[in-house]
Amino acid sequence: MGAIITLSLLGILILYLGLFKAKNALLPVSILGLLGALAFELYYWNIEAVTLYKGMVLFDHFALSFSIVCISLTILILFLSKEYFNSFSDNIAEYYTLIIFSLTGALLVSSYHNFAMLFIGLEIMSVALYILVGIRRKDKASNEASLKYFLMGAFSTGFLLFGITLMYGATGTFDLTALKEYIVANPTGISPLFYGGILLMLVGLCFKVGVAPFHFWTPDVYDGAPILITSFMSTVVKIASFAGFLRLFSTVLVPLNEFWTPILLTIVIITLFVGNISALMQTSFKRMMAYSSISHAGYMLFAILSIGATSASGILTYAVAYGLSSIIAFGALILVKRHIGSDQFESFNGLGKKNPGLAFAITIAMLSLAGIPLTAGFIGKFMMFSNVMNDYHTVLLILAAINAAIGIFYYFRIIVHMYFMKSEEESQVQLPVNFQFVFGLAVILTIVIGIYPDLIIRLI
Amino acid sequence: MDNLFILLFLPVLSAIILAFIKSSSARWAALLLSLIQLGLTVPFLCNFIPDASVQFAQSFTWIESLGIKFQIGIDGISLPMLILTNGLIPLIILASFAHNKSGNFYALISFMQAGLVLVFISLDAFSFYVGWEAALIPIYFICALWGDGDRIRVNLKFFIYTFFGSLLMLIAIIYLYQQTGTNDLSWSTLTSLKLTESAQTWVFWAFFIAFAIKIPLFPLHTWQPDTYTHAPAAGTMLLSGIMLKMGLFGLLRWLLPLVPNAVAQYGTLAMTLSIIGVVYGSLIAFKLNDAKRLIAYSSIAHVGLISAGIFSLTQEGIQGAIIQMVNHGISVVGLFFVIDIIQQRTGSRNFADLGGLASRMPILATCFLIIIMGAIGLPLTNGFIGEFLLLKGIFAYPVNGVWFAVFGGTTLILGAVYMLRLFQKTMLGNISDSNVQVKDINGVEVLVLVLIVALVIVIGILPNMLLNISEASVSQLLQQIK
């Protein structure tokens, strides 16, 4: 709880700093505050988890580890933001505040123990994002993305809320433990309302994590939003949404898996193919990453599809691997776009010669996204695959293998452009120190987790 | 000095060091480091006791929460492969001296060496898979960065082909991982699993496709000729000399002991595919005019025969396969090196532009002829004993063994025809005007070719050195799967 309070206060503090024109203090204070929140999470690690405020939130290792990942990724993203927001506006305090508020929501989503908190968390997280997506006020794409995201977000929240209502109608409670007791107590006589509630919540959550066929907003929103915000959305927000998703299914809905497994299975298969095949068609790196994030969401759903002892650590490992790689990819895209002015694959031409270090970092990120051994992505994939194998979804795994092979096409396309294509632009891409730091750290973590994954897996 | 781990650690370290060497001395550093690696391999050879046991075994806990261990060790099947890898890589580095590549090039070779060594010494399916993939990434970059022609498309095809095969293998490994109950992926646990008939069937196909793509067996070979042709000389040597042995080795180490019943059931089909590859590769090689492509197809024929020997499940067949894996590695590196020299000197490797080079390059011609003799398996060269044992094993195969041996045996005749045609079209006949000035090989080139020729002859005369190493392990393997 300390972390959530710290972050809420931090957001307000940043706003005040903005009011007093302390522009240079914004970034250091934000990062210090985030580190403080991180320290709180670590402090609670060894304290036995009990539900707080009459069962509203629960900070168990599951919640804490997802929170730690979200906070750490936000810190990395904020490191990249130095100088970035200045390019759109003079009033940059709001952006830091909004990111921090959105992170607060993300922490709530990963630690809720009551549907009221899930709803509040999702709203805090999303409302801040609606604004962030549209922060380039004069840019049409950014505005369109913001509007689209807002409409879709409101729509999906509606579904979610309706689902919660139906479940409440059936059980009379919002509390996860009570809901679970209801299912255990009435193994045969579960109200039809409850099933309707499951379906609607499933739709709402699928909208939030952006899996097909509820994915239509993702490419346009990811494409229209400023790159840094896209990286925040596709990492922190997505990871937190998955944590919330998994929490609902693993604590409450496991006994009813015969009901929802076929539905989720269909969703996973559609997601894998839609995400991958669309990613294959893209000519813009940013849109490719958007579609590939859809297919990664499909892989992450594997853990929910067959909930077992390793589901949570599997999603966590996968999410960390995916988050680190995405930050490298989007960070590199910021630099390249600033330099060349375009986010097409062609902008990366010749990067292997001009900036070998940067190209190496992108290569590691792509290998990790493709799931090649000795990178974190492989461990994530291994855990996801072995999760599903538990229930003998062998056909699903064969389909996943085909998709992973398709994935090579577009992940390697960027490698091909970096190393094998000549560029007309001879000058080097400027690599500021903060970017060097973030890339270095992300590459090292990707490889270290790839070689010694116990670091992450044993957290939960 | 019998800590096996050092053989994995040194190439990784070398790769890191070499990546930072920018000057032209990178090749010397690479040579030195690969020679140290070779030197460190020698004690394992000397201290190896030729019985069926696993020696120098080491086991570490790797991913404790998943129950995955890191287990390595050497037996009579992996030792020849280990020596082949560590012995050929210095030769390959020497052979690419003339191209004087940057440090990154050698760093990739070193990294690949680590992956290859891991594949050959690992006794755990997880680390095997890691090595399998770790060897793939560097060779992709070597071939795509320093290759020629349509290298980008060709290498992407190669990568996706093999990556898809690996994924099938990964799924099978994960399936086995679930079956153990103890979450233990070690070789000894996996091979003692009692799998049901249907499980054996699909695990067989998953592994078989992965290995067959790598070997490559007909009809999964389509990536191979293009990749070999457009790769740089060193890349082709690495691919054909060492990397394809990963697939053959995988058959021996994993496929046969894992799913013996399925092997018995589908072995004939695998055998048929292998033999089709022999005839198909030979026939195409016979029609080609591009020397490098010709050797690529001849390689399909040779590995087809080796794989047929493995599936014959006889002592002779498998021992012949192991010795022939080593022989093929040596010969094919020699052949590709000769083609590379010819291409450097004359600017072409097409028969239309070549001919009569023997008069200008007598030393090259002599070495070339001896290597060719080894490749077609004349007595007193290394290929003879290998092909003899292979055909003997195939002949003893209970189902249609005679026919398999007859068609497999065509490799001897066809091989002689296309190899001698290769020699004739390049070395004999009239020299074209543009090639009158070419100089014979010198320095490093002589050294490499003389070493290869020496190996061809020494193994040809004393094949027992290698056969003794593998004999006990092979008979144990056969007992295990009976």
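Predicted, not measured: the structure shown is a model, and the values here were computed from it. Note on naming: letters A, B, ... go to the chains in the order of the sequence lines (proteins, then strands), and numbering restarts at 1 for each one.
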For the residue pair [X] and [Y], does the interplanar ring angle fall in the parallel (under 30°), tilted (30 to 60°) or perpendicular (over 60°) class?
X: Phe285(A); Y: Phe348(A); result: tilted
X: Phe128(B); Y: Trp254(B); result: tilted
X: Phe385(A); Y: Tyr299(A); result: tilted

Residue part contacting chain A, namely of [X], when any heavy atom lies under 4.5 Å:
X: Trp132(B); answer: neither
X: Phe159(B); answer: side chain
X: Leu145(B); answer: both
X: Leu136(B); answer: neither
X: Leu170(B); answer: side chain
X: Ile63(B); answer: both
X: Ile137(B); answer: side chain
X: Ala134(B); answer: side chain

Discussion item. With rounding to the nearest 0.5 angstrom, report the OG to CD1 distance, Ser110(B) to Ile17(B).
Written reply: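 Spacing of OG (Ser110(B)) from CD1 (Ile17(B)) equals 9.0 Å.
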
Worksheet entry | Nearest-0.5 Å distance that lies between atom OH in Tyr318(A) and atom NZ in Lys381(A) |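 Between atom OH of Tyr318(A) and atom NZ of Lys381(A) there are 7.0 Å.
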
Are [X] and [Y] close enough that their ring centres sit under 6.0 Å apart?
X: Phe412(A); Y: Tyr140(B); value: yes
X: Phe208(B); Y: Tyr266(B); value: no
X: Trp202(B); Y: Tyr175(B); value: yes

Please classify the contact of [X] with chain B as side chain, backbone, both or neither, using a heavy-atom distance under 4.5 Å.
X: Ile379(A); result: side chain
X: Ile406(A); result: neither
X: Thr363(A); result: side chain
X: Ala400(A); result: neither
X: Phe409(A); result: both

Practice prompt. Before accepting this row, confirm whether a basic side-chain N of the pair Asp150(B)/Lys157(B) lies closer than 4.0 Å to the acidic partner's carboxylate O.
Written response: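 Result for this pair is no, no salt bridge flagged.
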
